[in-house]
Amino acid sequence: MARIIVVTSGKGGVGKTTSSAAIASGLALQGKKTAVIDFDIGLRNLDLILGCERRVVYDFVNVLNKEATLKQALIKDKRCENLYILPASQTRDKDALTFDGVEAVLTELKEQGFEYIICDSPAGIEHGALMALYFADEAIVTTNPEVSSVRDSDRILGILDAKSRRAEQGLEPVRQHLLLTRYNPQRVVDGEMLSVEDVLEILSIPLLGVIPESSAVLNASNKGVPVVFDSEADAGLAYQDTIARLLGEERPLRFVQAEKKGFLKRLFGG
Amino acid sequence: MSSQPSLKGSSFTLSVLQLDNRDAEQAIEYLAAKIAQAPNFFRYAPLVVQLDGSEHQVDFETLKRGIEALDMRIVGVTGWQHEALKAQIHGAGLATMQGGAATSQPTPSQAPSSHANKDAQTPARQSAMVVKTPVRSGQQIYARDRDLIVLGAVSNGAEVIADGSVQVYGALRGRAIAGAQGDTEAHIICHNLQAELCSIAGSYWLSDQIEPDYWQQPALISRSQDALQIETLQI
Ligand SMILES: Nc1ncnc2c1ncn2[C@@H]1O[C@H](COP(=O)(O)OP(=O)(O)OP(=O)(O)O)[C@@H](O)[C@H]1O
Ligand SMILES: [Mg+2]
């Protein structure tokens, strides 16, 4: 059975697209046939992060409007054999997203044997975000360790509980995962950011991963190579752990402690 | 048990059709559209017609026939202010009624539209509404005519409201409103008090009015005279 996973947040700029690209690539690297769909109509982004922006001919909206077939619009990734990207349209408006249209695309992807369908949601709680989460089996709620992001994630969790297809049809609820991104342990110690525990206490959903704040992320998006390929970087390794957990493996958290204090500081107290 | 018939006062929750522009046919069209969304919910449901208090003419015959054709029944008409209108209502074979504070109309997801909720002599007791999932930001839960028990947390930006008492087994970070219809005996109990607002029968505290000693503690808030009072829960 295909797993439809929405990467969502409420708040903008928290790392949904970065995470969608990393997780989709990571799953494909593990041999899973994976499609990743950009629901951010009008603000096409995912194809840039995946480095396939120059190969976009048709997009999601063309498929919804039957101006192209799904096959024509899906871009096969150059790095991972099992990864396909359905880019958003940069020009159209998001009313093109209809329940029937989106459902038809998801159904067709399932029929083509995709095991994972990752939906990169736009920010907000408006139409585009609702369409991205409506058909989801699972949700990766992407959150930064700060109060406004946590509050917006809480709002999205409520919407998943009330307005998803699973909720409306009384099926088993959408499985919810917390992905804490742009985590900076030193700023947590300094009291400038919420800790993992703080966020978990408020949201009370299972933790899928913690991605540290890292300059490697920006480098990766500039190069169009998802950061998960960067095994030198903390953020790359943290995404690898996250993907392993999504596939059922147990892995301890890494990169959540502030750097050890120097010898003198330890001796005399910090 | 006595087999004698008896006449008692009782109040019911009813759907109210607001007839502000006095156009019977338009009102019937509107109702038909509503019914199409939830046919079973409205079937043989009682309906109160609410007028806007002006002197305008209303075609009560058309209204009555139209509503009955939709399988709903007019219980009575309220909001008339002129004797002439009252006579017209009676002339159409309809009852006139008074009062009735409008609440928001019941929706199909809520309880049946016409159950007795309070009895004039012996108040009917309804068991509490129990919510087993966390109440998230942006959500609102209303326990009409009863207590509300939330087993999880109530988030910042969420609102839990009951005509009776409110009990939150997790952290209460949002707004809690007990005694929403004025019951001053209602109380608020929570296991971790971080509320944005606590209100009982209209008296309320904002978070910064809550004594710091009670913050993040298990607490019981009740009302005495016109003020709220708080005590730590010893469990
Ligand atoms: N772990 C990280 N460390 C440092 N920078 C990060 C990290 N994750 C994301 N960023 C940066 O944050 C910015 C926003 O990321 P991204 O576009 O993935 O967010 P988004 O949630 O998809 O945004 P939108 O809501 O606009 O769609 C980007 O500049 C990205 O490089
Ligand atoms: Mg994005």
Side-chain angles (χ1 to χ4, degrees), chain A residues 6 8-12 14 121 123-127 129-130 133 136 139-178 194-195 197-207, chain B residues 36-41 104 106-111 129-143 148-161 166-177 190-197 206-208 215-219:
Chain A
V6 61
T8 182
S9 70
K11 191 170 162 66
V14 296
S121 172
I125 52 172
E126 304 302 323
H127 184 68
L130 294 181
L133 67 78
I140 296 179
V141 178
T142 312
T143 307
N144 290 164
E146 42 141 324
V147 173
S148 62
S149 174
V150 173
R151 179 100 37 118
D152 288 358
S153 293
D154 194 69
R155 182 98 166 83
I156 278 288
L157 287 166
I159 291 171
L160 285 163
D161 284 337
K163 296 208 178 137
S164 60
R165 183 185 66 99
R166 286 179 168 270
E168 283 187 1
Q169 299 183 354
L171 306 171
E172 200 182 305
V174 177
R175 203 167 140 206
Q176 301 166 338
H177 310 275
L178 175 64
L194 299 175
S195 67
E197 293 74 25
D198 292 337
V199 179
L200 279 175
E201 202 207 301
I202 296 174
L203 295 180
S204 58
I205 58 171
L207 181 65
Chain B
Q37 291 167 8
N40 291 329
F41 179 71
S104 63
T107 63
S109 63
Q110 289 175 346
M129 177 192 285
V130 179
V131 175
K132 293 182 181 156
T133 51
V135 185
R136 303 282 185 184
S137 179
Q139 293 182 323
Q140 188 193 58
I141 296 203
Y142 175 32
L148 173 60
I149 297 175
V150 180
L151 299 183
V154 176
S155 297
N156 282 106
E159 201 166 57
V160 287
I161 309 169
V166 174
Q167 299 183 19
V168 180
Y169 282 61
L172 171 57
R173 300 190 178 93
R175 301 156 70 96
I177 295 163
C190 64
H191 282 229
N192 184 337
L193 178 65
Q194 303 176 39
E196 291 172 328
L197 174 137
L206 291 168
S207 55
D208 54 11
W215 195 249
Q216 298 192 339
Q217 301 300 314

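Residue numbering restarts at 1 for every chain, and letters A, B, ... go by the order of the sequence lines.
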Peer 1: Count the heavy atoms of every other residue, nucleotide or ligand shown that sit under 6.0 Å from CD of Q216(B), and state whether that count exceeds 12.
Peer 2: yes
Peer 1: Side chain, backbone, both or neither: which part of S155(B) has an atom under 4.5 Å from a heavy atom of chain A?
Peer 2: both
Peer 1: Does R173(B) form a side-chain contact (heavy atoms from CB on, under 4.5 Å) with I202(A)? I'd like the steps, not just the answer.
Peer 2: CA-CA 9 Å; R173(B) 300 190 178 93; I202(A) 296 174; 4.1 Å; yes
Peer 1: How long is the straight-line distance from CD of E201(A) back to CG of N192(B), given to the nearest 0.5 Å?
Peer 2: 7.0 Å
Peer 1: State whether the side chain of D154(A) and the backbone N or O of S137(B) hold a donor-acceptor pair below 3.5 Å, judged by distance alone.
Peer 2: yes
Peer 1: If I measure from the heavy atoms of chain B, does L203(A) come under 4.5 Å with its side chain, its backbone, both, or neither?
Peer 2: both
Peer 1: Mind checking the OG-CZ spacing from S204(A) to R136(B)? Nearest 0.5 Å is all I need.
Peer 2: 5.0 Å
Peer 1: Above 12 or not: heavy atoms from other molecules or residues under 6.0 Å from CD of E168(A)?
Peer 2: yes
Peer 1: Could you look at L160(A) and say if it's the side chain, the backbone, both or neither that has a heavy atom under 4.5 Å from chain B?
Peer 2: neither
